[in-house]
Amino acid sequence: MSDSRVRLRFAPSPTGGLHMGGVRTALFSYLFAKKHGGDFVLRIEDTDQTRYVKGAEEYIINSLKWCGIEPNEGVGFGDGPYTPYRQSERKELGIYKKYADRLIESGHAYYAFDTAEELDEMRKRLEAAKVVAPQYNAVSRQNMRNATTLSEDEVKKLLAEGTPYVVRLKVPRNEEIRFHDIIRGWVVVNSTQVDDKVLLKSDGMPTYHLAHIVDDIEMKISHAVRGEEWLPSAPAHILIYRYLGLEEQMPKLAHLPLILKPDGNGKLSKRDKSGIPMFPLNWFDERTNESYTGYRESGFFPEAFVNMLAMLGWNSGTTQEIFSIEELIKAFSFERVNKAGAKFDPEKTKWFNQQYLRKKSDEELAELFEPFLKEHNITVDKKFAIGFCKLIKEKAHFVNEFWSLGSFFFIAPTTYDAEVLKKRLNPQTLAYIKEVKTAFDAIQNFTAVETEHAFKAVSEKLNIPTGQVMQLFRVAITGVGGGPALFEMLELFGKENSLKRLDNAIAYFEKQG
RNA sequence: GGCCCGUUCGUCUAGGGGUUAGGACGCGUCCCUUUCACGGACGAAACACGAGUUCGAUUCUCGUACGGGCUACCA
């Protein structure tokens, strides 16, 4: 096994939008596969037809694409040597039945004909008898309608009559099951705790337990990565591999710690009150008529989202926190994945996006901001947009904050911050502003350095400290009391626009007086 | 309830038999600054508890507590 090709699969079931926990599982699998020059496969586990949600599969594919963690094989990403990659289609090939039959023949699985009502009765009976863990197992199966209690002829007859049946795993009575997990080390469970899991359902579909094993074997998967919620059923899976004689080919197991809610406890839910999304992309659930916001639509960069996810349960062992996907691939290992669940931190998630925002070039940001300008019917030349981004990005976590932070760059103010006016507007400061306008008029080379110089010269001339008039001057130009570096803004606006804004403001200020 | 997994600042985490227990987010103070932000400096803030092993345990072992997961013909 150790010398064979590294192949990992991400195997979600299309029962809804892909949760960020699922994205992280995909991410870790992707990183490991890429690090070892292996394959990353997308397999769709659609064995539960009652829970199939239309659009979910496409959503999963689009999410992976947006995150930049693309499988090189599988549904939506091109066929590899093990097509098809949808379990519903693989079922048509009869492969699951084949493996189930093998288990039946070797005596490790059996037909069971119990109806839902009978199973329910059994559970009630066991509960009434104060059985600690009611389950279909080595003991209780003796009182049920299955191939271990019925004669061979009876079983044949029932099958011939078309009686609905399932195939169950015949779990031994009292046996220690040991398995190794890359993240957790050795785990030991007694088979008494494992129930006779259904392998083949009455509709002919395999359950997850059978299907994922068959497919992992058939697809030559080297490492099976999944969430911690699967740990309790892992012993049953070990048994299946063993009874199939495939323990040697069994993928190495890695159970990832869960992502927990930011406050309180428990698994991350579909919605969080922090307002940070739980899904990569917008998702609309047709069944419940509920929609969920995505990271993409909330203005997150995919790199930031992926980086944040990577740091949830994994670390490089250094103090580095900002990683490109290439760096992640280089640094990743399952050994450095934590065992304990990680609470999701909305604040830090924003911080990650801010880090990436600050790394983007002004040109790139201007392009990303373009749609917001369109939305407000604003046309400006590229240079202005780039200059705007340069000044505004320091204030923001997201590109979608740019407009509300700096709409005054594009629309000259018609109202002015009343608080500031009340505090700072008086005959002296008004005279100051007028004097500044005159001084600006005379500037040939309208740069930040020149305007600031001129502004300060007025301060000296009128003997008024800049502090008393600076904010008022800012309000005159932008209408609001806060914003980016004032003289830098003037340079971007240019002489003509700046003077026009000053004129407007002076007219307005005079009316106030 | 039973079984499994886990437990270092509020959160993400580093560390690991002897450390001033390190970093990051957030928070606070100060500096920079016309404002806000950025940046910088500083600060408050953690080894769940109890035994055992040991010269010495946050680190190893066992219990306890707490948290989480699982307990379907769902994945």
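Quick note on labels: first sequence line is chain A, next is B, and so on, each numbered from 1. As the structure is a computational prediction, the values presented were derived from the model and not from experiment.
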Taking any heavy-atom pair under 4.0 Å as a contact, classify [X]: base, sugar-phosphate, or nothing.
X        : result
A:Asn315 : sugar-phosphate
A:Thr50  : nothing
A:Gly467 : nothing
A:Glu45  : sugar-phosphate
A:Val480 : nothing

Discussion item. Please name the nucleotide paired to B:A14 by Watson-Crick or G-U wobble geometry with both distances under 3.5 Å, or report none.
Written reply: none
Determine the Euclidean distance between corresponding [atom1] atoms of [M] and [N]; express it in Å to zero decimal places.
N     : M     : atom1 : answer
B:C9  : B:G43 : C1'   : 14 Å
B:G63 : B:G6  : P     : 14 Å
B:C30 : B:A37 : P     : 13 Å

Response to the item:
Between A:Glu452 and A:Asn338, the residue closer to the 5' end of RNA chain B by nearest nucleotide is A:Asn338
Worksheet, complete the sentence: 5'-most contact on RNA chain B (nearest-nucleotide basis), A:Ala485 vs A:Asn190, goes to A:Asn190
Worksheet item: Among B:C12, B:C4, B:G26, which is the nearest nucleotide to the side chain of A:Val189?
Response: B:C4
Worksheet entry | Aromatic ring proximity A:Phe300/A:Phe305, centre distance under 6.0 Å | no
Discussion item. Can you classify the ring geometry of A:Phe334 versus A:His223 as parallel (below 30°), tilted (30 to 60°) or perpendicular (above 60°)?
Written reply: parallel
Fill in: Charged tip of A:Lys393 within 45° of A:Phe402 ring normal and under 6.0 Å
no
Discussion item. Could you check whether the side chain of A:Ser233 and the base of B:C70 have a donor-acceptor pair of N or O atoms closer than 3.5 Å, going by distance alone?
Written reply: no
Discussion item. Just N and O in the side chain of A:Lys201: are any of them under 4.0 Å from OP1 or OP2 of B:A75?
Written reply: yes
